[in-house]
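The analysis underlying the following values was restricted to heavy atoms, covering all of them including side chains, and did not include hydrogens, waters or symmetry mates. In what follows, every chain begins at residue 1, and chains take the letters A, B, ... in the order their sequences are listed.
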4 protein chains.
Amino acid sequence: MSAPLLELDPTSPVPIYQQIRDRVVEAVAAGALPAGAPLPSVRSLAAGFGINTATVAKAYDRLRAEGLLRTTSKSGSVVARGPGDPPSPPHVLDDWRARLRTLLAEGHAHGVPDVVAVCREVLGDLAPPTREEAS
Amino acid sequence: MSAPLLELDPTSPVPIYQQIRDRVVEAVAAGALPAGAPLPSVRSLAAGFGINTATVAKAYDRLRAEGLLRTTSKSGSVVARGPGDPPSPPHVLDDWRARLRTLLAEGHAHGVPDVVAVCREVLGDLAPPTREEAS
Amino acid sequence: MSAPLLELDPTSPVPIYQQIRDRVVEAVAAGALPAGAPLPSVRSLAAGFGINTATVAKAYDRLRAEGLLRTTSKSGSVVARGPGDPPSPPHVLDDWRARLRTLLAEGHAHGVPDVVAVCREVLGDLAPPTREEAS
Amino acid sequence: MSAPLLELDPTSPVPIYQQIRDRVVEAVAAGALPAGAPLPSVRSLAAGFGINTATVAKAYDRLRAEGLLRTTSKSGSVVARGPGDPPSPPHVLDDWRARLRTLLAEGHAHGVPDVVAVCREVLGDLAPPTREEAS
DNA sequence: GTGGTCTAGACCACG
DNA sequence: GTGGTCTAGACCACA
């Protein structure tokens, strides 16, 4: 795999900590980071990208608040849950639905013929049915 | 129903200009604002909500950049396109897809059982039969 | 009122951002900061205590995550809820109960004769029945 | 029931030494560890859980500082006091009260309807009949 | 003016 | 070694 796991764009208006958070969320959804999988240490990740440790720490902080990450001083940060685990609390999901609503509306307004089809496609391409991983 | 067209929440962490933009996008998607429909002038909208004209102008700017709004000195600002029109240029849709990807991943990672079903539901509830509409 | 609203102890092992958070929580519980009440700006509070703005920002961040604070760029940070409002999500309350359990056990183990009585006292002294405030 | 006496969660963000300390405090409060009861040696406890002896030592240190533990070279570490014994010195109780104040305030601020009732419930469920207790 | 983001670097707690 | 905390200061987004 030459997949770099993380690609950051310092020129993007999206905050770096948010980009890190997004990439991790996607990796978790895709099963690339199953529950229990370790994430790079704050220091190493920061060093690898030439960014500040505080920035990475903030990304991890958010993920922790979302319940996707658990961290102990000893073993560092590990993924706390996967797609198959019981759904997160309603409070979290409601907020997600609201954002989804706006985003789907945007696609529809822009003339995407079948938004649901795109969703299916994006999602399938993201988290293949968790088969044997390959074939 | 006098259909308020726009509801803004000044206490929300979402920037006002973003809220305006989001509401317009949703109205366009729902067909409430068909192509050619006039939007209130920057001045009147700002006055109506007691907000700064610069805030409204910024929202309109974004909508214009997205290709959803067209402004002429003659007819003011009108909706530039509707859900049925040909899709927006690729660079717009690609960006949308990227954001969609992250958002769907978030739902999946948080244990939503059938993300596509939720999308279908949210979308149907947003822009129902679109065209003939009623019966 | 000579009550300084906030007293911080830089020598305490309790992080400063946590101290700020705790004092705000107490003020909210006591009704001294009712829903909608504005908190000092990050800058002014930091300046007033000779601490860094990032430290205050972190405290506010936590309060925001707890649902006690809401902040907009315009009006700054305001209290988002009060004691009388509907209870926070179970997720939050369960965690609180667990911490309460340990803390009450501690008091009991240390020979406090009637822990419940102390709770009643502490609480009454904290949030008087919301009377006319004094008499 | 083989009563595990101690259950540690290495994935918890709560430091291990703190978990040990908390569990012992709760056991003392519940009467499961009456005054004079011996605790496992630092070495054996550490071995039993596969953790560092320094971690256990730190937990015992804290308990000793709190006055709940007494260590002699002869009899090892034994519980120094129980719920029925005379209250611990004021400086210990004052600190406890301060933390209690913050925690109760937190519950109240989060809309718990009757905080005292919850305390009663939690406590009764923690250290039920203690001695002959009821009739 | 407000808060949000990020950097560079230091110190401490945990195990 | 890990992450958590804090400082001093800069820049940007929002209204």
For this session: If a pair satisfies salt bridge (Lys or Arg N to Asp or Glu O under 4.0 Å) and one of its residues is in residues 11-21 of chain A, list it, with sequence neighbours excluded.
Result: A:Arg21-A:Glu66, A:Arg21-B:Glu106
Problem set entry | Toward the 5' end of DNA chain F, by each residue's nearest nucleotide, B:Thr55 or A:Leu39 | A:Leu39
Exercise. For E:dG15, does OP1 or OP2 lie under 4.0 Å from any side-chain N or O of D:Tyr17?
Worked result: no
Problem set entry | Stem regions touching DNA chain E, defined by at least 3 consecutive Watson-Crick or wobble G-U pairs below 3.5 angstrom | E:1-14 with F:1-14
Problem set entry | Heavy-atom side-chain contact between D:Leu69 and D:Leu39 under 4.5 Å | yes
Exercise. With nearest nucleotides of DNA chain E determined for A:Arg43 and A:Pro15 from heavy-atom distances, which residue corresponds to the more 5′ nucleotide?
Worked result: A:Pro15
For this session: Between B:Gln18 and A:Thr71, name the one whose nearest nucleotide on DNA chain F is closer to the 5' end.
Result: A:Thr71
Problem set entry | side chain to side chain contact (heavy atoms under 4.5 Å, CB included) partners of D:Ala37, counting only residues at least two apart | D:Leu33, D:Pro34, D:Val79
Seminar exercise, completed: CG of A:Leu104 to CH2 of B:Trp96, rounded to nearest 0.5 Å, is 6.5 Å
Exercise. How is B:Ile16 classified with respect to the nucleic acid when contacts are heavy atoms under 4.0 Å: base, sugar-phosphate, or nothing?
Worked result: sugar-phosphate
Problem set entry | Listed partners of A:Pro13 passing side chain to side chain contact (heavy atoms under 4.5 Å, CB included), at least two apart | none
Problem set entry | Qualifying salt bridge (Lys or Arg N to Asp or Glu O under 4.0 Å) pairs, either residue in residues 24-36 of chain C, two or more places apart | C:Arg23-C:Glu26, C:Glu26-D:Arg101
Exercise. In chain order, what residues pass the side chain to side chain contact (heavy atoms under 4.5 Å, CB included) check against C:Thr11, with sequence neighbours excluded?
Worked result: C:Asp9
For residues 55-64 of chain A, which side-chain donor-acceptor pairs fall under 3.5 Å, sequence neighbours excluded?
| unit_1 | atom_1 | unit_2 | atom_2 | d |
| --- | --- | --- | --- | --- |
| A:Tyr60 | OH | A:Pro40 | O | 2.7 |
| A:Asp61 | OD1 | A:Arg64 | NH1 | 2.8 |

Problem set entry | Strand-adjacent residues in residues 56-68 of chain A, judged by heavy atoms under 4.0 Å from DNA chain E | A:Lys58
For this session: Enumerate the residue pairs fulfilling side chain to side chain donor-acceptor pair (under 3.5 Å) with a member in residues 33-54 of chain C, sequence neighbours excluded, ordered by first and then second residue.
Result: C:Ser41-C:Ser44
For this session: Kindly write out the residues that satisfy salt bridge (charged side-chain N to carboxylate O under 4.0 Å, His left out) with A:Asp94, not counting sequence neighbours, or none if the list is empty.
Result: none
Exercise. Which residues satisfy the side chain to side chain contact (heavy atoms under 4.5 Å, CB included) test with C:Pro86, sequence neighbours excluded?
Worked result: none
Seminar exercise, completed: Span of DNA chain F engaged by chain A, first through last nucleotide within the 4.0 Å heavy-atom cut-off, is F:dT2 to F:dG4
